[in-house]
Amino acid sequence: MTWAPALAMRPPTMTEYSSDLLRLLASRGYIHQVTDAEGLDALAAKQIVPGYIGFDPTAPSLHVGSLVQIMLLRRLQQAGHKPIVLMGGGTGKIGDPSFKDEARKMLTLDTISSNIASIKTVFENFLTFGDGPSDAVMVDNADWLDKLEYIPFLRDIGRHFSINRMLSFDSVKLRLDREQSLSFLEFNYMILQGYDFLELSRRAGCRLQMGGSDQWGNIVNGIELSRRVDGTEVYGVTTPLITTADGGKMGKTMSGAVWLNPDQLPHYDYWQFWRNTDDRDVGRFLRLFTDLPLDEIARLEALEGAEINEAKKILANEATAMCRGRAAAEEAAETARKTFEEGAAGGALPTLAVNGSISVVDALVGLGFCASKGEARRLIKGGGARVEGEKIDDEAATIAVSGEVRLSAGKKHHGLLTPQG
């Protein structure tokens with residue numbers, strides 16, 4: 001016997017939902033797919049629904065690409081339900097193979113533990129944790145995955161998974177179609193994630209798993225497993241792939257990933273990422289990444305010409321305040337104002353301490369404006385590097401640093417070189 005959850009390929013509109021949860025998610029653009037939308041809507045209208053999203057600790061910080069999922073948990077709590085943040089201390093030892101060209105680098109146990117501790121701090125800015133009915137909780141799947149015994153797990157859980165079906169998932173087919181290696185270790189990831197849903201259903205009464213559209217197959221596996229093993233009705237929601245208006249991946253910039261943790265990315269750079277949003281993305285990003293009322297967002301996204309820049313500043317202020325705190329947002333905004341409007345240096349600009357002098361190439365790399373010296377030379381050659389507002393066209397140029405020196409890469413990236421010591 002086989003079973004698959006009902007899929008609403010075109011989820012109902014906001015007005016067709018009865019629960020505050022799905023009305024909120026639909027109105028702000030979070031819904032891509034829903035399993036049994038009618039059943040989830042009815043459940044959310046009558047009781048508190050615990051729902052979870054998993055995050056694997058592959059780095060000391062999550063980046064902006066994970067932010068829509070964090071905001072999804074925030075919306076869940078805002079609608080009166082219970083967010084469960086699942087840290088992948090167990091699955092992180094394998095790594096999600098979904099839509100990856102090759103296996104992730106294996107992490108040591110100490111690295112995983114350190115990454116989890118670092119990542120945890122960000123969630124406290126978005127969610128209210130505690131012991132109340134709708135307070136958020138954080139759990140680690142290593143608590144149950146590390147205790148599994150191989151033969152009993154195969155017998156009790158593995159028999160419910162069809163290899164034929166697992167091979168049909170896009171995340172697996174991509175690797176196989178490209179004739180890229182997919183290890184047995186990685187292939188087990190989707191079984192373990194399905195098992196996570198079963199365990200959370202048993203331990204925390206969890207009835208909902210949420211995630212990006214690339215997690216659809218993994219979510220369906222967990223729903224099917226919970227129904228087959230325990231007879232429990234659980235549900236899934238996925239969000240659309242968040243790309244920018246020009247087709248780029250959300251959170252990828254010239255300087256690399258846009259990290260959420262302040263020790264990985266300065267407040268000013270985080271604020272500036274949002275300030276640089278494409279005009280066409282402003283309304284969508286305001287709905288997804290801020291708590292501003294929808295009528296205010298409608299007013300802001302209707303602005304045209306130079307006025308749209310005010311909407312971008314509001315987006316930057318609100319998104320930064322949510323992740324880094326209101327004081328950090330105000331400091332970054334003031335730095336931007338001084339830098340762009342007054343031509344002065346603001347205190348929140350990224351800085352690089354220099355002992356005596358430094359080449360412009362090394363300074364551009366050191367400030368994180370360029371990923372390599374080759375990229376820095378190309379920037380200089382193209383006329384994109386400026387020192388104190390003056391264009392630098394000599395790739396071998398050096399800067400003597402006896403006081404603060406402002407270095408710019410293009411029109412949007414500015415930093416300070418300061419004397420060491």
Side-chain angles (χ1 to χ4, degrees), residues 3-54 67-86 123 126-137 196-198 200-213 215-216 218-220 222-224 226-227 230-240 242 283-284 286-298 322:
W3 173 87
L7 167 60
M9 293 304 293
R10 184 196 66 80
T13 62
M14 179 184 70
T15 56
E16 293 175 293
Y17 288 126
S18 60
S19 66
D20 290 341
L21 173 62
L22 291 187
R23 288 172 64 86
L24 175 61
L25 297 185
S27 67
R28 287 190 171 260
Y30 290 96
I31 297 180
H32 177 58
Q33 296 164 304
V34 186
T35 64
D36 188 8
E38 184 178 338
L40 175 58
D41 193 35
L43 184 69
K46 71 178 182 181
Q47 70 177 63
I48 293 175
V49 176
Y52 89 97
I53 299 176
L67 188 55
V68 70
Q69 306 309 322
I70 298 175
M71 290 299 298
L72 197 54
L73 290 171
R74 182 179 176 87
R75 302 305 183 205
L76 183 73
Q77 188 167 54
Q78 287 175 336
H81 302 281
K82 188 177 186 68
I84 300 173
V85 181
L86 178 65
F123 285 93
F126 293 88
L127 302 171
T128 300
F129 288 85
D131 300 323
S134 62
D135 285 342
V137 295
D196 282 344
F197 204 170
L198 177 65
L200 287 171
S201 171
R202 292 171 171 176
R203 291 168 177 250
C206 184
R207 293 295 177 265
L208 174 64
Q209 183 182 359
M210 302 176 291
S213 57
Q215 295 300 312
W216 179 249
N218 291 329
I219 291 174
V220 168
I223 292 172
E224 182 168 346
S226 296
R227 181 167 179 172
D230 286 352
T232 305
E233 292 289 347
V234 293
Y235 306 90
V237 172
T238 63
T239 57
I242 307 299
R284 183 163 58 107
L286 283 167
R287 280 186 286 274
L288 289 171
F289 302 115
T290 80
D291 286 341
L292 289 179
L294 292 176
D295 56 353
E296 174 65 5
I297 293 173
M322 191 174 295

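Here the structure is a predicted model, which means the values were calculated and not measured.
- Two residues are said to be in side-chain contact when any heavy atoms from C-beta on lie closer than 4.5 Å; Val34 and Tyr235 fail this criterion.
- Taking every heavy atom of both residues into account, Phe129 and Ala136 meet most closely at CD2-O, 3.2 Å.
- For the residue pair Thr239 / Gln69, a side-chain donor-acceptor distance below 3.5 Å is found, with atom types taken as modelled.
- Distance check, rounded to the nearest 0.5 Å: OG of Ser226 to CG of Asp196 gives 10.5 Å.
- In the model, Arg207 has a side-chain atom that pairs as donor or acceptor with a side-chain atom of Ser201 under 3.5 Å.
- For the pair Arg28 and Leu294, the minimum side-chain heavy-atom distance is below 4.5 Å.
- Residues Leu127 and Arg74 meet the side-chain proximity criterion, which asks for heavy atoms closer than 4.5 Å.
- When every heavy atom of Gly236 is checked against every heavy atom of Ile223, the shortest pair comes out as N-CD1, 3.6 Å.
- A heavy-atom distance below 4.5 Å is not found between the side chains of Val237 and Tyr30.
- A search for ring pair (Phe, Tyr, Trp, His ring centres under 6.0 Å) contacts involving Phe289 returns Trp274, Phe285, not counting sequence neighbours.
- Interatomic distance, OH of Tyr17 versus CG of Leu40, reported as 8.0 Å (0.5 Å rounding).
- Note that CG of Leu208 and CZ of Phe197 are 6.5 Å apart. Values are rounded to the nearest 0.5 Å.
- The environment of Glu296 atom CD is dense: over 12 non-hydrogen atoms of other residues, nucleotides or ligands sit within 6.0 angstrom.
- Within the 3.5 Å criterion, the main-chain N or O of Gly132 finds a donor-acceptor partner in the side chain of Lys82.
- Residues Pro83 and Gln77 approach most closely at CG-CB, 3.5 Å, considering heavy atoms.
- Comment: Arg75 engages Asp291 in a salt bridge, judged by a side-chain N to carboxylate O separation of less than 4.0 angstrom.
- For the atom pair Gln78 CD and Met71 CE, the distance stands at 6.5 Å (nearest 0.5 Å).
- Between Asp36 and Gly39 the shortest heavy-atom distance is OD1-N, 3.0 Å.
- Atom CD1 of Ile297 is separated from atom CG of Leu292 by 5.5 Å, given to the nearest 0.5 angstrom.
- Between the side chain of Thr238 and the main chain of His32, no donor-acceptor pair closer than 3.5 Å is present.
- Looking only at atom types and distance, the side chain of Ser19 has a donor-acceptor partner in the side chain of Asp41 under 3.5 Å away.
- The shortest distance between side-chain heavy atoms of Leu76 and Leu25 does not fall below 4.5 Å.
- To the nearest 0.5 Å, atoms CE (Met210) and CD1 (Ile31) are separated by 10.5 Å.
- The heavy-atom pair separating Pro50 from Ala204 by the smallest distance is CG-O, 3.8 Å.
- Heavy-atom minimum distance, Ser213 versus Pro240: OG-C, 4.4 Å.
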